[in-house]
Structure formats: structure tokens, C-alpha cells
Asker: 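Before we start, here is the structure in question, set down as C-alpha cells.
Throughout, a chain's letter reflects where its sequence line sits, starting with A, and its residues are numbered from 1.
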Amino acid sequence: MLLIYCPYCQVERAETEFHCGGEAHIARPADPSKASDEDWVEFLYMRNNPKGLAAERWRHNNGCGRFFNAVRDTVSDKFLKFYKAGEPMPDLEAIAKEAGK
Amino acid sequence: MKRYSFLELAKNAFSAHQNWGRQWRAPEPKAEYDVVIVGAGGHGLATAYYLAKEHGIRNVAVLEKGWLGGGNTGRNTTIVRSNYLWEESAGLYNHAIGLWQGLSQELNYNVMYSARGVMMLAHTVHDVQVAQRHIHANRLAGVQNEWLTPEQAKEYCPPLNIEKNIRYPVMGAALQRVGGTARHDAVAWGYARGADDLGVDIIQNCAVTGIRRSQDGAVEGVETAKGFIKAKKVGVVAAGHTSVVMDMAGVRLPLESFPLQALVSEPVKPAFPCVVMSNTIHAYISQSDKGELVIGAGTDQFVSYSQAGGIHITNHTIDAICELFPHFRRMRMLRNWGGIVDTTPDRSPILSKTSVQGLYVNCGWGTGGFKATPGSGHVFAHTIAKDEPHPINAPFTIDRFRTGRLIDEAAAAAVAH
């Protein structure tokens, strides 16, 4: 069971209040009619699935109901950063260095 | 290879079973192989075995970063069944069932395949309709599966609670009699021993750290903890770590890795005759030949390589087990653990060539790869040896995510595989 900090509610709550929305910062093709099959495969299906730091989406289902993003180490499951939706993807390497990875 | 037989057993009894000898060698890697398989789990070892046995390719190495069969092969709940919805899946899993039936004889190794029946419960009107549709589809595809009323289900599995006063009463069940269990470790060991006997080198504690490609992009070999190993072809069978290994060759895959948990109880006398699964309330349970109740829980909701899931996931399953089988409420659980399962968007595996010449991948088995071990190895060996898929795994390409010809067992089964 993870403890997750919601940057909107500014509280730490149990994982069961949240839903994980998978990899963050996957942008829908800007002009869908121009996107190739390969673009759609990349958008819909391909995932980084990293062993290490990952930026992922979470939704505070049983709280504010809003999506936010988090950086988590997929080996230790420790969260290293929470940030609001719409903020740019943080520098994962810098976060890793700071955390001593 | 020393063949195991009743006579051998009797002979070895005289020396207190001290002189059986090793079942496979522990060789140092050669400089070059025709085929290198990455991952010595059941699927990888089966692939190597069939490469040597059916295709005469014996200059093969199986590289394993840990110990043989120590990943998901040693962590699953040992269930064997083939009642999947789609014909492509029926072909693949039924192929495995066919091989399971003769596997102990084939390998001269008791894999303890026990066709005790897999019963999947229906708890709602929707469940009943889905299960019956499933049964009809299975029968059309030549997969054995039949419908049971709650009373028939109770007769088949006496511990089952079919009272109407529980939250999700049993409204019926789909029973695949040819389904059952097998001893997971024995499957890995049997294939390892068979492959080793045919000349395959199984190299443990040898992590692959890179995949080297030539100027024209084709595979040249693998960098490992024991140095560079040249290989004409490389087959990646790395389960939860497939994305990590394939990333070394620059190949992206539609995979996400999740922790999946299982647990066993203290061992008791035979009390549970079959395998029972419930997708709706998410529980599956059987009793091992050692007497432990083997219980499978769900996956965590986030990508992780931690090999340990959340306790609330296990609790959820235990709730369901206690409701369906009230007399297990006082059982104590001995151990629980997690394995990392690689899931695809359509919850069907990928057994395929890749965009890299000489690189093949067998992955995406998600929460249910054990049951397919013999069939998976068999058709994947064909794919590597002939450089083209066997008709059975031809639909299980990476390209299906581009063409849209998905094999959507996710929608068909919703959860447990």
C-alpha cells in the first residue's frame, strides 16, 4: 500500500483513494488526421515501462477527483516528486541524482 | 542422461539416494552460439529444448541473471487451462494442453500435470451470459468447456458455498475438465534436464547487459556479466523484464510490468479437489500436492519491478475466498510473494520476430503464462529456427497493434488469466 500526496488537496492519503492512470506526458497526436499508423501505435500502445524512475499519472478518485503527476522509482516504489497536471515533465536524471541513485 | 525409472529408483535406494548425480551441467559460456535465449524460466527452457529436439539446433545457450526457474515460473499458481474466448488463443493454449498431457513421458520427468478440472464461477446474470457465450465459443473452437448449475458445481467442489445469502452468490460455473495444475518447478527442471542432455548450455548468474548489433542492424550477440557472447539469433523470453532487455536493442514494446501476488496456506490434508476461479470477485484457489492452499491475488495498479505487491490486494482476494469457502476462514497463511508480469494492451502474448534481424521476442503473457509453457516454447522454437512463425503463433505479432487485429482477451476475461 502506497502513501500518496495529492498536490491539490495537499494531503497524504492511502493508495486506495487513488487510481493510477499509467505513464504521464503521452501527448495525443496534434493533428489526428495527419498521424500515421506508427504514430497511433506509439500513442496508444507503446510504453517506456522503465525499471527506475517513471513519471506517471494519478487521479485522486476519493478526494478532489483531479489528475496529477508523480515521479516514482519502480524498483523501490518510493515517490520522489508530486506535481500538478499541466506542469512540464521534470528532469528525471536530476531527481535521480538528488535521490542518490 | 540417466533415465529415471522404477528400476533406477530401486537401485538408488541401496545407496540412500546419495548418488543420483546432477540433472544438468553448469558450463562456462562458449564464445559463440547459433541461438542465445535470454531467460531460463519455463518458456525459455522449453524453447531451447524444442530447438534442440525438433529443429536440430543444439548449439544453444540459455542465459539467466538469477537462478533457473526463479522468476515467474517459480512464483505462479500452477494453473493449466485453455478456455480462452478467441480462436487464436484457443489454438495456442490448446496446443499447450496437448503437450501437457504427454509431457512427463516426453521429458522422463514427473511434471505432476493433474487434470483435476478448472471451474470458473459466475456470480451475476452478466457473468452467466458471458460464461455461456464463452462455452459456446470454446466448443466451436474445439476447446472442452461445460456449464454447471450451482448444485453441480457444489457436487464437483464440495467446499464451495452456494448459499444465496452471500454478497455474490454462485449462479453457475464453467468447468474445463482437462484443465488443472502442474508442478511449476518440475516443468522448469524437466525442460532444463532435457535441453542440457541435447547439448544446450544453461548458464545461470549471467545477466545480459547489452544486445550488440552490427552495421546493418542485425543481431551480433549479447553482452553479459561473463563477457560478450556471439550469437546468430537471440530469443528474449524475459517475462517482466522484457522491456528492459529489448530496450538494449532499441526495440519498443507495448508492455507494462506489474507485481502480481500469490500466497499459500499451511499444508493440510486433501480438502480441495479442483481449481476454482472467480473473475468477478477475483480469487483463485487450488490445493497443491504438498497440501497447501495455493491462492492467487491480483496485480497492483502501477508499474513496478519490486516483486512485492500491496497487502490490500491480497486482503481483497482473501475476503472472496473466505466467503466462497467458509471453512477456510481459520486457515493460516504461510507465505506470500510477488512476481513481475508483463502485460499487453489486449492481454494476449507476443511471440514474434522483431524489426531487428535475428532478434525474437516471447513476452506479454501477463498474469497467466505458466499454462502455456510447453506450447509457447514449441512454437517459439519454430519461429526462431525457421525465421517465420508457426501457424499457431502467426497472429501473436507485435504488428497486430498497428493493423488493429488485436486478440482481445482483456475484454473477454476482464481479469485473471
Asker: Side chain, backbone, both or neither: which part of A:Glu15 has a non-hydrogen atom closer than 4.5 Å to chain B?
Answerer: both

Asker: Heavy-atom distance under 4.5 Å to chain A: side chain of B:Leu255, backbone, both or neither?
Answerer: both

Asker: Picking from A:Ala14, A:Ala54, A:Pro50, A:Gly21, which has the most non-hydrogen pairs under 4.5 angstrom with chain B?
Answerer: A:Pro50

Asker: Does atom CD of B:Glu87 have more than 12 heavy-atom neighbours from other groups under 6.0 Å away?
Answerer: no

Asker: Let me know if A:Leu2 has heavy atoms under 4.5 Å from chain B in its side chain, its backbone, both or neither.
Answerer: side chain

Asker: With a 4.5 angstrom heavy-atom cut-off, is it the side chain or the backbone of B:Val303 that approaches chain A, or both, or neither?
Answerer: both

Asker: Is any side-chain heavy atom of B:Ser304 closer than 4.5 Å to one of A:Arg72?
Answerer: yes

Asker: Using 30° and 60° as the class limits, which term best fits the ring planes of A:Trp58 and A:Phe18: parallel, tilted or perpendicular?
Answerer: perpendicular

Asker: Could you check whether any side-chain N or O of B:Asp300 sits under 3.5 Å from a backbone N or O of B:Phe302, counting only pairs where one atom can act as donor and the other as acceptor?
Answerer: no

Asker: Take atom NE2 in B:His126; do more than 12 heavy atoms of anything else shown fall under 6.0 Å from it?
Answerer: no

Asker: Which residue out of A:Glu56, A:His19, A:Glu38 racks up the most heavy-atom pairs below 4.5 Å with chain B?
Answerer: A:His19

Asker: If you count heavy-atom pairs under 4.5 Å with chain A, which of B:Ala308, B:Ser243, B:Gly310, B:Gly240 comes out on top?
Answerer: B:Ser243

Asker: Could you walk me through whether B:Asn362 and B:Thr47 pass the side chain to side chain donor-acceptor pair (under 3.5 Å) test, one step at a time?
Answerer: CA-CA 10 Å; B:Asn362 179 350; B:Thr47 304; 4.5 Å; no

